[in-house]
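Heads up, the thing below is written out as structure tokens.
Only this structure's heavy atoms are used, side chains among them; waters, hydrogens and symmetry mates stay out.
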Amino acid sequence: MVDWYRGDPHADIESAKGLTFEEFGAYCVVLALLRLRAGAIPDDDRFIAGWYRCDVRIWRRLRERLIAHERLYVSDGMLRSPAADDDVAAAARRHAAAQAAGRASVLSRRAEASDSNDVDPTPALAAAPEPPLIERARAQAQAEIAAHIQGLGPYDMQDLVAGLLQAMGYVTTVAPPGPDGGTDILARKDPLGVATPQLRVQVKQCAARAGREDVAALRGVLDPAREVGLFVATAGFTRDARHEAAHCGAPVTLLGFDEFLELWTRHQDDAPEAARAHLRLAPVHFLAAEARRVGTRDPIPRLPPDADMPWPGTGSAAGVEMM
């Protein structure tokens with residue numbers, strides 16, 4: 001359910017173009033229903049006519065007109081709308097960004113408390129020591145990057161994935177806004193598209209993990225003789241989705257947030273500037289753990305504070321020979 005969405009008068013005016021007053025009124029009612037029902041309602045004439053308070057025959061006529069004007073569409077027996085899809089996706093991104101920002105805030109507060117707290121820990125806290133600074137920083141950075149990516153628009157995310165593929169040596173074609181037929185990006189290793197296999201890519205950016213049906217839908221549009229599938233989902237994949245990708249036909253490679261971020265970190269310098277503008281990462285250097293261990297060993301022997309300093313030629317103190 002979308003409890004809140006950003007109103008856009010320009011989009012409202014644009015959505016009214018080509019519609020009669022009656023058609024636009026019906027569209028607004030259905031759009032509100034779609035927002036209340038997470039973007040999909042049963043394509044049931046009597047159900048919708050009841051909400052619209054009109055004769056079923058009138059709604060059927062309006063439904064056909066709204067579908068013809070591409071304000072509505074039917075998928076798997078459910079009535080949907082591109083505008084409602086965008087609103088639901090934006091709400092999911094806001095929710096995921098808020099969650100990621102909350103996790104980052106908690107990690108930041110823990111780090112500040114650890115740095116400033118000089119009180120001996122209680123036995124309960126001592127049993128669960130605070131992770132090293134580098135681990136806390138890594139976790140906070142991951143949360144902030146995840147929140148930023150979830151805040152990107154769906155087409156910005158498509159461009160970001162296309163930029164990664166270009167950095168890896170692919171020539172890409174990105175689907176224009178609107179229904180994409182199950183393919184967001186086509187990628188090939190040569191400009192003419194002669195070499196095989198080619199990549200057919202689907203990008204899913206929402207708070208819910210991609211499921212088996214999502215992976216199966218991508219496989220359904222693959223040409224097994226020439227193409228392999230790549231599914232990028234920032235929220236990850238369900239167990240059934242991973243089984244579907246690995247065992248049920250034409251190969252589909254799954255790329256979750258961690259895998260995408262690893263590849264982007266490695267290849268971002270070779271990506272187009274337009275893609276890097278969506279996600280520009282800066283390295284932060286920490287001392288490696290093995291270097292920290294070596295660094296704790298003082299190369300100059302130290303005498304205990306209360307030891308007598310030996311004079312040259314008189315021997316040693318505390319077992320340390322003075323040169």
### Query
CD of Q202 to CG of L255: how many Å apart, nearest 0.5 Å?
13.5 Å
### Task
Kindly indicate, with the supporting measurements, whether the criterion side chain to side chain contact (heavy atoms under 4.5 Å, CB included) is fulfilled by V161 and F260.
CA-CA 9 Å; V161 174; F260 171 81; 4.1 Å; yes
### Message
Tell me whether H278 contacts the main-chain N or O of L152 through its side chain, where contact means a donor paired with an acceptor under 3.5 Å.
### Response
no
#### Entry: Spacing of F24 atom CZ and F21 atom CZ [to the nearest 0.5 Å]
8.5 Å
### Message
Under a 3.5 Å cutoff, is there a donor and acceptor pairing between the side chains of T234 and Q205?
### Response
no
### Summary
Shortest non-hydrogen pair, A26 vs L62, comes out as CB-CD1, 3.8 Å
#### Entry: Sub-4.5 Å side-chain heavy-atom contact between L186 and T172
no
## Note on the structure
Looking only at heavy atoms, the pair that brings A233 and A210 closest together is CB-CB, 4.0 Å
### Query
For A271, does its backbone N or O pair with a side-chain atom of R276 as donor and acceptor, under 3.5 Å?
yes
### Message
For G18 versus R65, what's the shortest heavy-atom pair and its separation?
### Response
O-NH2, 4.4 Å
### Minimum heavy-atom distance between P272 and G163, given as atom pair plus value
CD-O, 3.7 Å
#### Entry: R212 backbone acceptor or donor facing D240 side chain under 3.5 Å
no
### Task
Report yes or no: does E227 contribute a side-chain atom to a donor-acceptor pair with the main-chain N or O of D223 at less than 3.5 Å?
yes
### Message
I want to check something: taking the side chain as every heavy atom from C-beta on, are L19 and H69 in contact at a cut-off of under 4.5 Å?
### Response
yes
### Query
Could you go step by step and tell me if I58 and E22 meet the side chain to side chain contact (heavy atoms under 4.5 Å, CB included) rule?
CA-CA 10 Å; I58 296 177; E22 183 185 30; 3.8 Å; yes
### Task
Examine K204 relative to F231 and say whether NZ or CZ is less than 6.0 Å from the centre of the six-membered ring and inside a 45° cone about the ring axis.
no
### Query
Would you call L160 and V203 a side-chain contact if the rule is heavy atoms closer than 4.5 Å?
no
### Query
Does a side-chain heavy-atom distance below 4.5 Å link F237 with R209?
no
### Query
Taking the side chain from W264 and the backbone from L281, do they hold a donor-acceptor pair closer than 3.5 Å?
no
### Query
Between D43 and Y73, does any side-chain donor sit less than 3.5 Å from a side-chain acceptor?
no
### Task
Measure the shortest side-chain to side-chain distance between E70 and P82 over non-hydrogen atoms and say whether it is less than 4.5 angstrom.
no
### Query
Are F47 and L66 grouped together when hydrophobic residues (ILVMFWY) are joined by side-chain heavy atoms under 4.5 angstrom apart?
yes
### Query
When you measure from the side chain of E23 to the backbone N and O of T20, does any donor-acceptor pair fall under 3.5 Å?
yes
### Task
Would you indicate whether the side-chain heavy atoms of L279 and I149 approach each other to under 4.5 Å?
yes
## Note on the structure
Separation between CD1 (I185) and CG (L230), nearest 0.5 Å, reads 8.0 Å
### Query
Does the pair E64/R60 count as a salt bridge with the N-to-O cut at 4.0 Å?
no
### Task
Can you establish whether the number of heavy atoms outside D55 located under 6.0 Å from its atom CG is more than 12?
yes
### Message
Determine whether a donor-acceptor pair (N or O, by modelled atom type, separation under 3.5 Å) exists between the side chain of H243 and the backbone of T238.
### Response
no
#### Entry: Check: I41 and V30 side chains under 4.5 Å, non-hydrogen atoms
yes
### Message
Does L79 form a side chain to side chain contact (heavy atoms under 4.5 Å, CB included) with D44? I'd like the steps, not just the answer.
### Response
CA-CA 8 Å; L79 194 64; D44 184 324; over 6 Å; no
### Message
Checking the side chain of E259 only, and the main-chain atoms of G256 only, is there a donor and an acceptor separated by less than 3.5 Å?
### Response
yes
### Summary
When every non-hydrogen atom of L34 is compared with those of A84, the smallest separation belongs to CB-CB, 3.7 Å
### Query
Between CG of L254 and CG of L218, what distance do you get to the nearest 0.5 Å?
9.5 Å
### Query
With hydrophobic residues grouped by side-chain heavy-atom distances under 4.5 Å, do L261 and M157 end up in a single group?
yes
### Query
How far does CG of L33 sit from SG of C28, to the nearest 0.5 angstrom?
11.5 Å
### Query
Rounded to the nearest 0.5 Å, how far apart are CZ of F257 and CD of Q142?
5.0 Å
### Query
Checking T183 side chain against R200 main chain: does a donor-acceptor pair fall under 3.5 Å?
no
### Task
Report yes or no: do L164 and V171 belong to one cluster of Ile/Leu/Val/Met/Phe/Trp/Tyr joined by side chain heavy-atom distances under 4.5 Å?
no
### Query
Should L199 and V232 be regarded as members of a common hydrophobic cluster, given that ILVMFWY residues are connected when their side-chain heavy atoms come within less than 4.5 Å of each other, either directly or indirectly?
yes
### Message
Looking at every non-hydrogen atom in both residues, tell me the closest pair between P42 and I48 and how far apart they are.
### Response
O-CD1, 3.9 Å
### Task
Please answer whether the main-chain N or O of E244 pairs with a side-chain N or O of R219 as donor and acceptor at a distance below 3.5 Å.
yes
### Query
Is there side-chain contact between D184 and V201, with at least one heavy-atom pair below 4.5 Å?
no
